[in-house]
Amino acid sequence: MSAAMVLLLIYLPAIFAVSILGGWVPRRFHMTHTRTQLVMSLVAGLMLGVAFFHLIPHAALAKTAGVDFAMAWVMAGLVFMLVLLRLFHFHQHDFDESHANCGEGVANAHSHGHAHDHSHTQPPGGPFTWMGLLLGLAIHTLVDGIALGAVMRAGTGSDAGILGLGVFLAIFLHKPLDALSIETVLAASGQSPRRRHWINLIFSLLCPVAAVIFWYSVELSPADGRILAAALAFSAGAFICIALGDLLPEIQFHSHDRGKLTLLFILGIAIAWAIGVVEPAHIL
């Protein structure tokens with residue numbers, strides 16, 4: 001068994017576990033507005049750092065691809081994720097503090113005195129119901145799985161370093177927020193605890209399943225090197241869009257804790273850069 005496979009067998013159960021935990025947290029603990037914002041800021045910096053320091057360089061330096069090829073797929077990933085956000089508006093990571101601890105609150109990203117007048121949520125009976133949220137996040141988490149599967153598969157020939165650590169950490173820290181969003185909106189729409197449990201279970205399996213499918217469906221050959229480079233670059237574009245188009249806009253309007261939010265954003269970027277010490281420099 002290769003080192004990449006061993007790492008993948010560690011990463012995937014961990015991602016599944018934190019996704020399950022994210023859906024369980026609002027039933028047991030009070031996830032405050034401030035805590036959510038701090039986590040989002042850290043994750044935004046980490047995702048940007050992973051995209052620019054890891055995914056794009058690995059894709060652009062591939063022998064069978066090249067910079068132009070990679071950047072075209074970066075743009076494709078960015079536009080794809082932007083369209084998803086526009087169609088489903090599926091990221092709703094901030095919740096009303098008076099309800100979040102019971103899992104019964106409606107996602108309410110702009111109830112904290114923001115000056116802008118658009119809303120990030122629709123009422124449970126509105127045009128974008130919990131099914132739209134679930135579909136958008138399901139597609140997003142499949143892209144996450146492809147990103148992890150691609151970076152691990154592309155690195156099977158590397159003989160040193162901890163493969164995929166940056167991508168893993170970005171998914172590991174972000175996935176509980178997605179599961180938290182689904183659990184809260186499901187509760188607000190009146191879904192039963194049993195149904196919420198099964199939906200969260202299925203959602204938690206999507207990323208690991210996508211990673212495994214990509215791992216086994218792509219063989220490392222000269223032609224497949226372009227497929228791996230495209231997958232890495234596409235994932236980088238998706239990560240950039242999520243960080244800049246979703247996570248950061250959610251926190252930029254907050255006048256309180258601005259210093260903490262900025263420091264955690266920079267810390268996320270620094271972590272992504274530091275991961276380069278333990279990851280192979282070139283994996284394709």
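On a predicted model such as this, the values are computed, not experimentally measured, just so you know.
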Distance (rounded to the nearest 0.5 Å) between D178 CG and E183 CD: 13.5 Å
Please check: side-chain N/O of H54 versus main-chain N/O of A272, any donor-acceptor pairing under 3.5 Å? yes
Heavy-atom pair of closest approach, residues I269 and G45: CG1-O, 3.4 Å
When you measure from the side chain of S189 to the backbone of L186, do you find a donor-acceptor pair of N or O atoms at a distance under 3.5 Å? yes
Does L78 share a hydrophobic cluster with M71, counting links as ILVMFWY side-chain heavy atoms below 4.5 Å and allowing steps through other members? yes
Side-chain heavy atoms under 4.5 angstrom apart, residues restricted to Ile, Leu, Val, Met, Phe, Trp, Tyr: same cluster for L9 and V18? yes
With a 4.5 Å heavy-atom cut-off, do I182 and L134 have their side chains touching? yes
What about V209 and I199, same hydrophobic cluster or not, with Ile/Leu/Val/Met/Phe/Trp/Tyr joined at side-chain heavy-atom distances under 4.5 Å? no
Going by the rule side-chain contact (heavy atoms from CB on, under 4.5 Å), which residues pair with L173 if we only count those two or more places apart in sequence or in a different chain? L42, V43, L46
To the nearest 0.5 Å, atom CH2 of W73 lies from atom OG of S235 at 10.5 Å
Cationic tip of R153 within the cone over F214's six-membered ring, i.e. under 6.0 Å and within 45° of the normal? no
Set of residues satisfying side-chain contact (heavy atoms from CB on, under 4.5 Å) with respect to S19, sequence neighbours excluded: I15, K175, S204
Test V50 against every option in L165, V167, I56 by the side chain to side chain contact (heavy atoms under 4.5 Å, CB included) rule and name the one that passes. V167
What distance separates M152 CE from Y11 OH, expressed to the nearest 0.5 Å? 5.0 Å
Reported CG-to-CG distance for the pair L232 and L61, which is rounded to 0.5 angstrom: 11.5 Å
Hey, any chance F80 and V83 share a hydrophobic cluster, counting ILVMFWY side chains that come within less than 4.5 Å of each other, even indirectly? yes
Looking at OG1 of T262 and CG of L267, how far apart are the two atoms once the value is rounded to the nearest 0.5 Å? 12.5 Å
Give a yes or no on whether the backbone of L137 and the side-chain of T141 come within a donor-acceptor separation of less than 3.5 Å. no
What pairs with F172 under ring pair (Phe, Tyr, Trp, His ring centres under 6.0 Å), at least two apart in sequence or on another chain? F168
Answer yes if I20 and L148 sit in the same cluster of Ile, Leu, Val, Met, Phe, Trp and Tyr residues linked by side chain heavy atoms under 4.5 Å apart, and no otherwise. no
